[in-house]
Amino acid sequence: MKAKRNTEGLAKSAELKRQECFEKVDKGIKQLLKEKRTINFNAVAEASGVSKAWLYKEPEVKSRIEHLRNQSRQGKRLPRKISASEASLKALNDTLRARVKKLDAENRDLRRQNEVAYAQVIRVRELEKQVERLEAENRRLKATGGTQSVRKPELHSKLESLGVQMNSTLEGLINETPDGIVETAIDSLKEAQSSGNVVNPGGFLNKAIRDCWQPNEGAQQKDELAEFNEWWKWAYDQKLVKAATQINGIQHVPTINDEWVAFEVMEEAVPEG
């Protein structure tokens, strides 16, 4: 406890000496200006009684002396109506302006870092959503015993008649999913097509299989599309998004860093105002 008090005392003593040096330097500079003498580190050190090493060590003092020294070298004279104290304040003002400019640059850099961090948060939320969907699918597979039968040849012709264009992603999904879930998803597609136009049957079937839609959930998909269209128009007007696309049957929009994320994740992060 005693050592702590001694440390605090030393710190206070050092700060008092530092402030005394500031006052001596200010007084010395004013005296040099009053006498219209050249300002440099040697002159200030002599007039103030403060070492040159200390003058160089303190950024504000160093900048102030350099500014006044440059004025002397350029042959500038103080107007008769400007007092020495006003000239000193002007030099200090220039120093503070330089510090403000530096802080402004640092703030801009911090804002850019925050934007990057924000994009990472959105990405993490998207990954969490994907994990939830995979866990739900895993539970469904366990509930059905993880069995799946060999696909019948007529399944491809059935999908073609519904306008589904097969690709490696959709075919792999169908082969990894139990027959019952696939057939139910196909029924959902049929119902949706009978009640309206499905723009992308393959994308619809992809999402229906992944989310285990029931036939009456086709209308829900329409409602989700209408909800997306309404949000996207608002976000586009606010200059938050500029494009949209479907990835594996899921609607995606780009972030400020041009990284595509699921609409439901983006809607949660940036709700409609």
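Bear in mind that the values here come from a model prediction, so they are computed numbers and not experimental data. Note that the numbering runs from 1 along the sequence shown for the chain.
- Here the straight-line distance linking atom CD of Q71 with atom CG of L33 works out to 8.5 Å at 0.5 Å rounding.
- Relative orientation of the W54 and F22 rings is perpendicular, given thresholds of 30° and 60° on the angle between their planes.
- In this structure, the side chain of E160 does not engage the main chain of Q165 through any donor-acceptor pair within 3.5 Å.
- Salt bridge annotation for E126-R123: present, with a cationic side-chain nitrogen under 4.0 angstrom from a carboxylate oxygen.
- Nearest heavy atom pair, residue S51 against residue A45, reads C-CB, 4.5 Å.
- Atom CG of L155 and atom CG of L159 lie 4.5 Å apart (nearest 0.5 Å).
- For E23 and R18, the salt-bridge test fails: no basic side-chain N is under 4.0 Å from an acidic carboxylate O.
- For V164 against P201, the heavy-atom pair with the smallest separation is CG2-CB, 3.9 Å.
- For the atom pair CG of L134 and NZ of K129, the computed distance is 13.5 Å after rounding to the nearest 0.5 Å.
- Note that CG of L189 and CG of L162 are 5.0 Å apart. Values are rounded to the nearest 0.5 Å.
- Salt-bridge check for R125 with E128: failed, with every basic side-chain N at 4.0 Å or more from each acidic carboxylate O.
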Check against side-chain contact (heavy atoms from CB on, under 4.5 Å), V61 and I65: CA-CA 6 Å; V61 173; I65 294 173; 3.8 Å; yes
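- Between atom CG of residue N40 and atom CZ of residue R69 there is a gap of 7.5 Å, rounded to the nearest 0.5 Å.
- Taking the charged nitrogens against the carboxylate oxygens, K101 and D104 have no contact shorter than 4.0 Å, which rules out a salt bridge.
- Under the side chain to side chain donor-acceptor pair (under 3.5 Å) test applied with Q31, the options K34, E35, K27 reduce to a single match, E35.
- In this structure a side-chain-to-backbone donor-acceptor pair under 3.5 Å is present from N175 to E171.
- Of the options V50, I39, L68, a side chain to side chain contact (heavy atoms under 4.5 Å, CB included) to V44 is made by I39 and by none of the others.
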Going through the distances and angles, do S13 and K17 end up as a side-chain contact (heavy atoms from CB on, under 4.5 Å)? CA-CA 6 Å; S13 177; K17 289 182 180 179; 4.0 Å; yes
Walk me through whether R108 and Q113 qualify under side-chain contact (heavy atoms from CB on, under 4.5 Å). CA-CA 9 Å; R108 287 196 299 270; Q113 293 180 24; over 6 Å; no
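- For F204 and W213, the ring centers are positioned less than 6.0 Å apart.
- S161 places a side-chain N or O within 3.5 Å of a backbone atom of K158 that can act as its donor or acceptor partner.
- Counting only heavy atoms from C-beta outward, the side chains of R133 and R210 never approach each other to under 4.5 Å.
- One distance of note links CG of L173 with OG of S168; it measures 11.5 Å at 0.5 Å rounding.
- Contact check for N42 versus K52: side-chain heavy atoms found under the 4.5 Å cut-off.
- Across all non-hydrogen atoms, the minimal contact from T38 to A43 is O-CB, 3.6 Å.
- Around CD of E46, the count of heavy atoms belonging to other residues, nucleotides or ligands within 6.0 Å does not exceed 12.
- The shortest side-chain heavy-atom distance between L170 and I174 falls under the 4.5 Å cut-off.
- Of all the heavy atoms in S48 and K24, the pair that sits closest is CB-O, 3.3 Å.
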